[in-house]
Structure formats: C-alpha cells, structure tokens
Amino acid sequence: MLDLKFIRENPDAIRQSLANRGSTVDLDAILALDAERRQALQDVERLKQERNASSKEIGLRKRAGEDTEDIQATVRAQGESIAALDQRIRVLETELEDRLLTIPNRPAAVAPIGPDASGNQVVKTVGKPRRFDFDPLPHVELAERLGLVDFGRAAKISGAGFAAYTGVGARLERALVQFMLDIHTTEHGYHEISPPFLVNRAAMTGTGQLPKMAEDMYAVPADDLFLVPTAEVPVTNLFRDEIMDRPLPVKLVAYTPCFRREAGAAGRDTRGLIRMHQFDKVELVKFVEPETSYDELEDLLGHAETILQRLELPYRVLELCTGDLSFAAARCYDIELWAPGQNDWLEVSSCSNFEDFQARRARIRYRPEGGKPQFVHTLNGSGVALARLYVAILENYQNADGSVTVPAALRPYLGGLERIESPVST
RNA sequence: GGAAGGGUGGCUGAGUGGUUUAAAGCACCGGUCUUGAAAACCGGCGAGCCGAAAGGUUCCGGGGGUUCGAAUCCCUCCCCUUCCGCCA
C-alpha cells in the first residue's frame, strides 16, 4: 500500500510511476475521497469535542444535585449529527482503503523502464552451459526412465500440474530442501521457520496477494483460509500488527510447499515439472531498516546464488523492468537456470525489495533508536524454488546412457550416491 | 464439539457507569552522584488520525448495542488457558 500522504502531496509522481508499470488508477477519485474524509473528520471531531465537554459538565452538575435535563437534550441532538458524520466517514474510509489496496507499488528509481518481460536486463551470467556430445533429453524423459517421478498417477489422483516423486526421486527432492535450508541457516545466518500452509484473508492481504490475485489462489471457503502460494505469506505476516521486538535485520528462512492455480497460464508448460500447481520452495525473508534495504537486497541475491554455485549450475540474473515487476515489488532480480533439455532459461528465484509497501499493509513496524515507530522494509527471495531446480539438475547432469550424475554438494544428502541409474527392471 | 475462566500500553498488572487525561511496577531514555559502572535519587516515556501550529480526536481482542457519557453494562464473533469428549 502506498502512503496516502505521499499520494496527496505528489500525485504527478505517482501517475508517472504507475504509467511506467503500465497500470492506470483513478487518482482523482482517491484524492477527492481523501479531501472529503478530512473535511468530515474535522467537522465530527469538533462536535465530539463539544459533546465531551458537555458530558463532563453533566457529571459535575449531577454530583452537585442540579437538574441536567436541558443540557442532556442538546447533547442527545449532537449525538445524532455525530452518528451521521461517523457513518459517512466509515463509508469514505472503506472506499479509500479498497482503492489503495489495488494500487501496485512504485518501482524504484533505478528499475529500468520497459513495457514487459522484453525490457528486462541481463545483469550477469554465471557458469558456462555444458556442451553435450549427444542430444540432451528433456527432464520428463529422464525422470520417467529413471523412475523418479510418476506424472500419470499424480494426474489420476489430483489432475494435471501435480507430480508424485518416487524412490530416489523423492529422496532427491527432500535432499535439495535439506541442503538449501542447511546452507542458509548455518552459513547465511537465517533463522528457520516451519510455518502453517493455510493462512487467513488478512495474511494474504498483508503481503499483497489479495485482493488482486484472488483467482490464482487455492481457497478453503468453509474456513475462509487459503493455501500458501509462497512461504513469503505466512513468514512475512508473522509480525503483522506488531512493533518488532528484536533488533533488525531479522532474517528468516522457511521451507513450504507452494500452491498456485496458475489461472492465467492454463495450457502453458503443461508437460513436466516446469509449471506446477504444487511445488516445494525454500524462501528467504528479511525485515530491515529502510536505509539498508537495497544493500540487503544484494546480500539476499548473493545467498540465493550460492545455492546454484554449490550445485555448479549455469545461471543468469535479470533485473526486472517496470512493466514486469510484480504487484508489491519496488525492485526485483530474477535468477534463471539454464535447462539444456528445454533449450531455455527457467526462473527459479525472484529476489525483491518491497520497501514499506507490505509493511504498511500488514502494519509491521520497528522502533528506531530513540524515535517513533516506523514501517520496516521487507524483502524476500526464493532460495530457491524446487521443481525447476530439479529440472535443471536432471538436464545439466545427464549422461549419454540416460543416467544422471549427482552434484557433488548433494551426495552427502543422498547417502553418498554418485549417480542415478536406470532401475534394472520395474 | 461441550463447560468454565480469561484477553488492558514493549512486559507484569490495577481499574464494575462521570477529573481515567488508563494507577503502579518492570524495561527503556535523560540527569544527579561516581575514576568508571552498579545502587540510590530526580525527570521523561503507548499508538493511529486530523491540524501550519496550538491543539483536538480515536483506541483497553474484533464488530454491534444501551446511555447525555462505556475499559466498566448487554449481544455477537475471534483468540488464549483449564477440564471433558473426539483424535494422529
């Protein structure tokens, strides 16, 4: 959520940054609602001041044994005006709030201006894609031949977009989660959280998934709960409605499955593990002081990159342009892994600085030394997302005979296994 | 799911219709004293909104009601604790 005061004082700057995003918002309506609200507030507060004084006087006169019928009558009349104005203010504030919740964040000044993904800039490319002396297979072939994933039966029980990992395939999945959590907790100083996978409406609104992206969420209407689309939601909302009681930065890491309806992407990437309704992810979340948030973003990006470096996978980092930035982000780096079987790059992480956008929605504040509480800056980034990481490992580490070499860093998590080979028979 | 008891500032906790402008303590900040620290003493110390400011207003889990006036009374919902039931 943007700061209403800032909107009031800088409407043109807001119009410009929204235009850079390709978003249009009726700012004039918001400014008019705001003006009417402030006027009504001043009126009602003056009336309340009078009423409070009169009420106090009634108390004093009653105590003195005097009659108060006359003054009670005037106060009763005042009460009616107050009730009417309060009602009007409630309507105005609800309308204002509803509108503010649908305005995307302002892109950071450094974010490149562009219309859509075509405007994203490659910041760096790390590692060289391997040269194959055979035609590399797509991961679906490898996974099915090696008995790592059962797509057919998963579809039978849940539908398209779900996978059942089996045997070594399941263990590899689990190993990756463990491996990433270990690095972030022991080397990067993150505190591990294992949060709920179902969250309420307030949490989904706090991080910005609601109200705009409602159709992309799995909902449980009977209890008004939602399956988490990312650990960002439960973890960031841990401190909702709080003044944080611990020194910043607070760095948290969580593994959760992620559930997404992919409503806008029906029919895309239907084969394999690339676009799933359920996938696992290790997520990094930070709460930081505003002055440091862009340094913290670089730091966060580095932590996500570490995972790919340890796994010796080729990747590149993109800086998202204004038109491709997600709703809540001010600045964002995407990390993409090279997948030779797809002959394409796969996004496995988005590292974003939300500045105070989420903090204002979720009312997450901290107390600067000797000062008034103010909103923290929140950041998060995948560190990293499974399924696509799994794809990249299979495709990059495949051998001519259809086997897959286990990345050295992962072997301790797989009981020393060096190579995943075809089962003799199944 | 049933019953009972609770929910007050960063924390503990008083407050059952009218100077509550929410007591007090702890924590925290500043000062005195001290070579320094501690202790002691003195002072300060909740949040949001409106306002150029002075100041005003709202907030005692959420929402609604009674009243001239509600932390306090009533209704409702949520959460916590204990007991019972069910259960991995």
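Per chain, numbering begins at 1; letters A, B, ... match sequence-line order.
At a non-hydrogen distance threshold of 4.0 Å, A/R37, A/R38, A/L41, A/Q42 from residues 32-43 of chain A come into contact with RNA chain B.
A/L47 places its CG atom 14 Å from the C1' atom of B/C50, with the value rounded to the nearest Å. Distance CD (A/Q49) to P (B/G56): 6 Å, rounded to an integer number of Å.
Aromatic pair A/F357/A/F327: centroids less than 6.0 angstrom apart.
Side-chain N/O atoms of A/Y255 and A/Q178 include no donor and acceptor closer than 3.5 Å.
Within the nucleic acid shown, A/R365 comes within 4.0 Å of sugar-phosphate atoms alone, with no base atom in reach, counting heavy atoms only.
Proximity of a side-chain donor or acceptor of A/R261 to a complementary backbone N or O of A/E215 within less than 3.5 Å is detected.
Taking 4.0 angstrom as the limit, A/R367 places a side-chain polar atom (N or O) nearer than this to OP1 or OP2 of B/A47. For A/R8, a side-chain nitrogen or oxygen approaches OP1 or OP2 of B/C50 to under 4.0 Å. Between A/N52 and B/G18, a side-chain N or O to OP1/OP2 separation shorter than 4.0 Å is absent.
Under the rule for a ring pair (Phe, Tyr, Trp, His ring centres under 6.0 Å), the partners of A/Y165 that lie at least two apart in sequence or sit in another chain are A/Y390.
Nearest nucleotide to the A/Q72 side chain, out of B/G56, B/C68, B/A47: B/C68.
Consecutive Watson-Crick or G-U pairing (both distances under 3.5 Å) extending over three or more pairs maps onto RNA chain B as B:1-7 with B:78-84, B:10-12 with B:24-26, B:28-32 with B:40-44, B:46-50 with B:55-59, B:61-65 with B:73-77.
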